Amino acid sequence: MTVRVRFAPSPTGYMHVGNVRTALFNWLFARGQDGTFILRIEDTDQQRHVEEAVAIITDGLRWIGIDWDEGPEIEGPYGPYFQSERLDLYHEHAEALVASSDAYLCYCEREGVAADSPCRCRNRAQSDDRLEPGLAVRIVNPGGRSEFDDIVGGHLTFDNEQFGDYILVKSDGTPTYNFANVVDDHAMDVTHVIRGDDHVSNTPRQLMLYRALGYAPPRFAHLPQILGPDGARLSKRHGAASLTEYRDQGFLPEALMNYLALLGWAPPGEQEFLPAEELIAHFRLEDVRKSPAQFRLEKLTHLNAMHMQQRSSAERRDIALKCLLKEQILTPDEGEDPRTLCRVEEIIEALGNRFRYGQQIVEFGMHFFTEGVDIPEELASHFADPRVREALKMSAEAFRKADTWTDETIESIVREAAKANDLKAAPLIHALRVALSGMTAGPSLFSLVRLVGQERAHKRIHGALDQFPSAG
RNA sequence: GGCCCCAUGGUCAAGUGGUCAAGACACCAGCCUUUCAAGCUGGAGACCCGGGUUCAAUCCCCGGUGGGGUCACCA
């Protein structure tokens, strides 16, 4: 039997990275087994069909590089892939269950069931095999125990009693998660249910249903949770729990995929930098850890930097460009201008491996796009030495008059200016860096000068000299 | 609280009834360099606690503690 797995998100309007990780593990498993990866939208509770919320899911998956074999947009032999379009199926199953006395209509007050005493109103049930609008349908809890072998969690057993006669169909006629899930997973021939471990206690409930329906249950694999840096379950509260935020910050999809794969799973060997193909080749569900893992931005950033170096300079330029446009540092028109593209590419090149993710073009390169530059007061000491000041002035003039403008000519100008003032190159270089960029760290000084440009370099040097008049 | 699960450095994470208990990120130091990164070299840092089983437990068993999940007509 060929492997069929599904990722079944509900369209909430955003993609939590924990869900992305779940999708990823499903996908890695399916691809590694030559199986089928299904995308199914669980929108039974949705008042309206939220087109946009579905797009957030499909766009997100596509962006990170997860493709689906069946589901929205491409459809497939087991459709439709929206639960809201499968209501008849659930209705049929509910009727069959009622007819076979495995479920019954509930006449209780809607909120009348205390949490600590599972509802048992079946004595009031009627042996009616028709569903009635306005009445919920409950399962007849068979009691006993449910047990199963979870691929990651091992052998698990539960006392069924604790789940009561839980609801299968709400009084508005829509199915609950546990019901729709079982019906669909069976109808879609799903062989492995891989989901977050917040679903473990739903599994025994679903097992009762499989039994009542006479269906063979799939294998289950419950993935451990992803925690935030503070050890609590990753949530919006942690700032960046949404896929879109990473994309907007200029992180690379392959890096995020790589990192997410490392949360709860480790490849054999010592290499952690892995492209999708490698991930697929090595991934095994039985190697997934049971304990939750903390999401750490530093490691994602590190992996991102490594993946970034695999990208061409044009690609890196485009990533930077996107952030510059988003921050409105460049106008859309400028973003189209070939000269701008060329310039951004040069800046990225000068930044080298300092450019670890998109947004860093703003952190490190903002000043390349402004006329002037702000220099923090605490950097005044760089301009205290009169010899440095003199060398700065000489450099400024030479920069303005230079006939050729390359790193080499700039370097010789700087070194000569230092020498002429009986200085080592270092203090002049530091002062120049501060004067031109307002920062003490950055790319090669000579590239920095080149990219700032002849006129602007001259102007900024004098600006700095004016801002920090000699002490006397 | 009931039920379920988890527990190796700060974090991710290998691993074994007998090993100096891998590796990665982060951290510290040195080298390199015009700075910061990167790179190279070196360093610090861990088997939650208590009982058992055993010649021997990080590893097996029990208990405790701590953490997480779940107890809906949400998914």
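Sequence lines set the chain letters: A, B, ... in the order given, protein chains first and strands last, and positions in each chain run from 1. These numbers come from a predicted model, not from an experiment.
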Rounded [atom1] spacing from [N] to [M] in Å:
{"N": "B/C6", "M": "B/U41", "atom1": "P", "result": "39 Å"}
{"N": "B/G2", "M": "B/G18", "atom1": "P", "result": "37 Å"}
{"N": "B/A22", "M": "B/C48", "atom1": "P", "result": "16 Å"}
{"N": "B/G52", "M": "B/C59", "atom1": "P", "result": "14 Å"}
{"N": "B/C20", "M": "B/C25", "atom1": "C1'", "result": "24 Å"}
{"N": "B/A21", "M": "B/A57", "atom1": "P", "result": "16 Å"}
{"N": "B/G63", "M": "B/A7", "atom1": "C1'", "result": "15 Å"}
{"N": "B/C47", "M": "B/G17", "atom1": "C1'", "result": "15 Å"}

Would you please indicate if the ring centroids of [X] and [Y] are separated by under 6.0 Å?
{"X": "A/His199", "Y": "A/Tyr177", "answer": "yes"}
{"X": "A/His186", "Y": "A/Tyr210", "answer": "no"}
{"X": "A/Phe468", "Y": "A/His382", "answer": "no"}
{"X": "A/Trp405", "Y": "A/Phe399", "answer": "yes"}

[X] side chain, from C-beta outward: closest of [options]:
{"X": "A/Arg233", "options": "B/A22, B/G69, B/A75", "answer": "B/G69"}
{"X": "A/Leu156", "options": "B/C6, B/G69, B/C5", "answer": "B/C5"}
{"X": "A/Asp198", "options": "B/C6, B/U70, B/A26", "answer": "B/U70"}
{"X": "A/Gln162", "options": "B/A75, B/C3, B/A24", "answer": "B/C3"}
{"X": "A/Ala441", "options": "B/A26, B/C36, B/A24", "answer": "B/C36"}
{"X": "A/Gln294", "options": "B/A38, B/A13, B/U11", "answer": "B/U11"}
{"X": "A/Leu263", "options": "B/G69, B/A24, B/C12", "answer": "B/C12"}
{"X": "A/His430", "options": "B/U70, B/U35, B/G23", "answer": "B/U35"}

Does [N] have its OP1 or OP2 closer than 4.0 Å to a side-chain nitrogen or oxygen of [X]?
{"X": "A/Lys299", "N": "B/U11", "value": "no"}
{"X": "A/Arg289", "N": "B/A7", "value": "no"}
{"X": "A/Thr176", "N": "B/A75", "value": "no"}
{"X": "A/Lys170", "N": "B/C74", "value": "yes"}
{"X": "A/Arg354", "N": "B/A38", "value": "no"}

Return the 5'-most residue of the pair A/Ala293, A/Gly134 with respect to RNA chain B, ranking by each residue's nearest nucleotide.
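Closer to the 5' end of RNA chain B: A/Ala293.
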Could you say whether A/Lys290 or A/Asp159 is positioned toward the 5' end of RNA chain B, judged by the nucleotide with the nearest heavy atom to each?
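Its nearest nucleotide being more 5', the pick is A/Asp159.
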For the CZ atom on A/Arg211, are there more than 12 heavy atoms of other groups (residues, nucleotides or ligands in this structure) within a distance under 6.0 Å?
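Count not over threshold, so no.
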Crowded around A/Asp374 CG? As in, over 12 foreign heavy atoms under 6.0 Å?
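Counting neighbours around CG of A/Asp374, 12 or fewer heavy atoms of other residues, nucleotides or ligands fall under 6.0 Å, so no.
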Applying a 4.0 Å non-hydrogen cut-off, can you work out what [X] is touching in the nucleic acid: base, sugar-phosphate, or nothing?
{"X": "A/Asn202", "result": "base"}
{"X": "A/Glu272", "result": "base"}
{"X": "A/Asn353", "result": "base"}
{"X": "A/Ala266", "result": "sugar-phosphate"}
{"X": "A/Arg296", "result": "sugar-phosphate"}
{"X": "A/Gly154", "result": "nothing"}
{"X": "A/Gly153", "result": "nothing"}
{"X": "A/Pro443", "result": "base"}
{"X": "A/Phe158", "result": "sugar-phosphate"}
{"X": "A/His199", "result": "base"}
{"X": "A/Leu445", "result": "base"}

Under 3.5 Å, is there any donor-acceptor pair linking the side chain of A/Asn181 to the base of B/A75?
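Checked by distance alone, the answer is no.
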Do A/Ser444 and B/U34 share a donor-acceptor pair, side chain to base, under 3.5 Å?
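Result: at least one qualifying N/O pair found.
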Assess whether a salt bridge exists between A/Asp185 and A/Arg40, defined as any Lys/Arg side-chain N lying under 4.0 Å from an Asp/Glu carboxylate O.
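Salt bridge flag = yes for A/Arg40 with A/Asp185.
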Would A/Asp172 and A/Lys170 pass as an ion pair if we require N to O under 4.0 Å?
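No, this pair does not count.
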Could you write out RNA chain B as dot-bracket? Rules: Watson-Crick or G-U wobble, both distances under 3.5 Å, brackets [ ] for crossings, | for pairs with another strand, dot for unpaired.
(((((((..(((.....[....))).(((((.......)))))....(((((..]....))))))))))))....
Could you report the tightest heavy-atom contact between A/Ile319 and A/Arg311, atom names first, then the distance?
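What the structure gives for the nearest pair is CD1-NH1, 4.3 Å.
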Give me the atom names and distance for the closest heavy-atom approach of A/Leu436 to A/Val449.
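In terms of heavy atoms, the two residues are closest at CD1-CG2, 3.5 Å.
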Rounded distance (Å) that lies between atom P of B/A72 and atom CG of A/Asp165:
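After rounding, the gap between these two atoms is 14 Å.
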A/Arg138 CZ to B/C73 P: how many Å, rounded?
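Taking CZ of A/Arg138 and P of B/C73, I get 6 Å after rounding.
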